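None of the values given here were measured: they were computed from a predicted structure.
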Amino acid sequence: MNAPLLSLEGVSKTFHVRPVLGAVRRVDALRNVTFSIEPGKALALVGESGSGKSTCGRAVIRHFEPSAGTVRFRGENIFENRTRSGDRAYLRAVQMVFQDPFSSLNPTHTIRHHLERPLRLHGGTADLEARLRQTLADVELDPDTTLEKFPHQLSGGQRQRVSFARALAVGAELIVADEPTSMLDVSIRKSVLDLMRRLKEERNIAFLYITHDIATAHYIAEETAVMYAGQVMERGPSDAVIRNPRHPYSRLLISAVPDPAKRFDDADGDGLAFTRQAEAVRSRAARPISGYREVAPDHFVAYSDADHD
Amino acid sequence: METAKPLLSVQNLCVDYLTPNGTFRAVRNVSLDIGQNEILGLAGESGCGKSTIAFSIMRLHRPPAFISDGKILFEGEDVLAFSRRRLEAWRWSGASMVFQSAMNSLNPVLTVFEQFRDMLARHEKMGRDAARVKAGEMLAMVGIPEDRLDSFPHQLSGGMRQRVVLAMALTLKPRLVVMDEPTTALDVVVQREILQEIVALRKTLGFSVLFITHDLALMAQFADRIAIMLEGRIVEQGEARSLVADPQHEYTRKLWAAMPRIEGAAA
């Protein structure tokens, strides 16, 4: 096993929400999250909305400091011994691609502007034009037609490619991709996933792929971690986790993935049967995790001491 | 599944949008029938005109969109010829609609009960107490406890809000419910919960559904028949099972191929 590029060890994050009226509310957004990513590999964080998967991504791009635990990048704790040059190197190496390609590009600037700035900042002005064109070619966009366009003149898929180009421009080693395809049409979704795959294989870029679409996780990520209520329920090789989920919550989540072979009207019960089952699994999964069992090599499943009640 | 007389029959519908560069035809000569108790799925990419059809059926289309040709027959009557009063009475009780974003279809400053009461008072001249009983029953049917009647929309989760909208859409026992991407904003578990509930409710209440989505796999699980749209036209229409097993049109095959699938996943 290679040394991990990124590793999270027991990361927790508690937010204190202060409503205008009423008492301060404590929200445990992350509880004891542990996982690691090797260079050139992808880890998919899957879960429903509110499960803490985006919070995880934001901790990695240093949006906030965790309440407990450590985040290491190439073995160094990213929140300790910070220097200006160290910060700069980290911000260069770790890039983010957001869900909404409409709001993540500045509508008043051309694509040239979006890519020129990071290229200049992190690589100087030598061969700027050539590097600019190469960056666009790397994400399968035509430099001749794309460079002078504004974001609104591009389709959603093209815009998302520009977002990836922006990350490539500075020489990213890890891209945190938060639902990068969920706002795209089905027919172009796969081509963006293929681009991510290619960047991974050809450029050795690692991905933290945050998604609720389990089929796409299986498509690009070597490893998958299932999150619920801020905790990792199960993690391991994607194939094992998705085809043979061991935790009841993972089973529930994966059973809900649309499968054209399973008709809804074949199900028994009164229609609320699935809802009741889902509620039961969720309330068990929300309890604090006591530890993980390794059910197969590198395949970890959470257990709770309360399970033996 | 198809009965002799369809509940809804859309015939040669054309919808145009007025743009500065002339008219743009968003829906081109579309004909489709929805039978009694049938779920018809309408699939296609964004911009293909599927939502425009849904809005046209409910006559919720607004300028610059206008219907330039065609008929929409509901139980043999032309919806496009309805007077304003007739149209108002028909919405909710003849046909109702569930939109993609429940947050936007509920009034944020009214409680759930007030939204039910609005509809029940207007359509059924129902008093406050009777409306409360009815609204409570409808919420229970979609698995929401009755005490949520006094909640505001922002106090409910996305799944609960969509359930409230669904309960409202079914309250006056419409024959047709138009659902425009009803679960796209929800995650898969909640999506499955809600659709499973709709299937069961259809068995007990009996209503037809026009179900619009871009998720073909989901549609194959839920719909009886599927129509595939491309650039304002229906390119293929047929039984859900045969459209899954043996798609005829090249575009349908392309849509299927565009989705990453987990082969042989455990259930």
* **B/Val188 portion near chain A, given a 4.5 angstrom heavy-atom threshold** => both
* Proximity breakdown for B/Leu218 and chain A, heavy-atom pairs closer than 4.5 Å -> both
* Asked: In terms of heavy-atom pairs under 4.5 Å with chain A, which of B/Leu216, B/Val189, B/Val199 leads?
  -> B/Val189
* To do: Considering only heavy atoms and a distance below 4.5 Å, find which of B/Ala257, B/Gly143, B/Ala220, B/Ala240 pairs most often with chain A.
  => B/Ala220
* Heavy atoms only: give me the nearest B/Lys203-A/Asp265 pair and the separation to one decimal. => NZ-O, 3.9 Å
* To do: Would you name the heavy atoms of B/Gln191 and A/Pro258 that are closest together and state the gap between them?
  => NE2-CG, 3.7 Å
* side-chain contact (heavy atoms from CB on, under 4.5 Å) partners of B/Lys134, counting only residues at least two apart -> B/Leu120, B/Met126, B/Glu137, B/Met138, B/Thr171, B/Lys173
* Keeping to residues at least two apart or across chains, list the salt bridge (Lys or Arg N to Asp or Glu O under 4.0 Å) pairs with something in residues 212-236 of chain A. => A/Arg189-A/Asp213, A/Lys200-A/Glu222
* Asked: Does B/Gln221 reach the main-chain N or O of A/Phe264 with its side chain, forming a donor-acceptor pair under 3.5 Å?
  -> no
* Non-hydrogen atoms of chain B under 4.5 Å away: do they reach the side chain of A/Arg282, the backbone, both or neither? -> side chain
* Residue part contacting chain B, namely of A/Ile220, when any heavy atom lies under 4.5 Å -> neither
* Among the options A/Gly50, A/Ala261, A/Ala256, A/Ser191, pick out the one with the most heavy-atom pairs lying under 4.5 Å from chain B. => A/Ala256
* Asked: What are the residues of residues 149-158 of chain B, in order of number, with any heavy atom under 4.5 angstrom from a heavy atom of chain A?
  -> none
* **Any residue of residues 241-248 of chain B which, by heavy atoms, sits under 4.5 Å from chain A** => B/Arg241, B/Val244
* To do: Using a strict cut-off of less than 4.0 Å between a Lys/Arg side-chain nitrogen and an Asp/Glu carboxylate oxygen, indicate whether B/Asp224 and A/Arg263 qualify as a salt bridge.
  => yes
* Pairwise distance CG(A/Leu252) to CD(B/Glu193) - rounded to 0.5 angstrom -> 7.5 Å
